[in-house]
Amino acid sequence: ATCLIEHLAQESLRNDRQLTVGDSVLPLVEKKTAAFPHVNAVEFDAYEQKHREKYLSQADVVISMMPTVTHTDIARACVRMGKHLITASY
């Protein structure tokens, strides 16, 4: 996911877009985004509905690289909120 984060960080800067990257381990996501001060790194708990929906509600597009078991809940929340979702699961 580091390559994806780097690509999206560069594109968000080039296109004047906000990028938030979440992970269940905040120090890990902070390390992955350290080279990009314009990127917002957050601790993301995909298992807790209120926490999950707090961040999903702020997004225009959600790219989920979370464990497969969380994709159904993330997808349902995105559909309910009218958010675009991209996931590597198939």
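In this text the structure is predicted, and so the values were computed from the model without any measurement.
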* To do: Go through the steps for Thr87 and Ile63 under the test side-chain contact (heavy atoms from CB on, under 4.5 Å), then give the verdict.
  => CA-CA 6 Å; Thr87 177; Ile63 301 174; over 6 Å; no
* Asked: Can Tyr47 and Thr70 be said to form a side-chain contact (heavy atoms from CB on, under 4.5 Å), step by step?
  -> CA-CA 7 Å; Tyr47 298 98; Thr70 65; 3.5 Å; yes
* Please walk me through it: do Lys50 and Lys54 pass side-chain contact (heavy atoms from CB on, under 4.5 Å)? -> CA-CA 6 Å; Lys50 287 184 181 182; Lys54 171 187 172 185; over 6 Å; no
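Two residues are said to be in side-chain contact when any heavy atoms from C-beta on lie closer than 4.5 Å; Val39 and Leu8 fail this criterion. Between Arg52 and Asp45, the closest side-chain pair of non-hydrogen atoms is not below 4.5 Å. Side-chain contact check for Gln10 versus Arg14: some heavy-atom pair is nearer than 4.5 Å. The closest side-chain heavy-atom distance from Asn40 to Gln18 is below 4.5 Å.
Although no hydrogens or angles enter the test, the distance criterion places a donor-acceptor pair under 3.5 Å between the side chain of Lys83 and the main chain of Ser57.
Note on residues 58-69: pairs passing side chain to side chain donor-acceptor pair (under 3.5 Å), not counting sequence neighbours, are Arg17-Asp60, Ser64-His71.
Glu48 CD to Ser24 OG: the interatomic distance, rounded to the nearest 0.5 Å, is 14.0 Å. Note that NZ of Lys32 is 6.0 Å distant from CG of Asp23, once rounded to the nearest 0.5 Å.
Annotation for Asn15: atom CG counts as buried by contact number, over 12 foreign heavy atoms lying within 6.0 Å.
The two atoms that bring Val21 and Leu19 nearest to each other are CG2-CG, 4.0 Å, heavy atoms only. Summarising the geometry of His38 relative to Ala9, their closest heavy-atom pair is NE2-O, 2.9 Å, with the distance given to 0.1 Å.
A salt bridge links Glu53 with Arg80: at least one charged nitrogen is closer than 4.0 Å to a carboxylate oxygen.
Residues Val42, Phe44, Tyr55, Leu56, Val62, Met66, Ile74, Leu85 make up the rest of the hydrophobic cluster containing Met81, defined by ILVMFWY side-chain heavy atoms closer than 4.5 Å, directly or through other members.
Both Leu4 and Val61 are assigned to one and the same hydrophobic cluster, defined by single-linkage of ILVMFWY side chains at heavy-atom distances under 4.5 Å.
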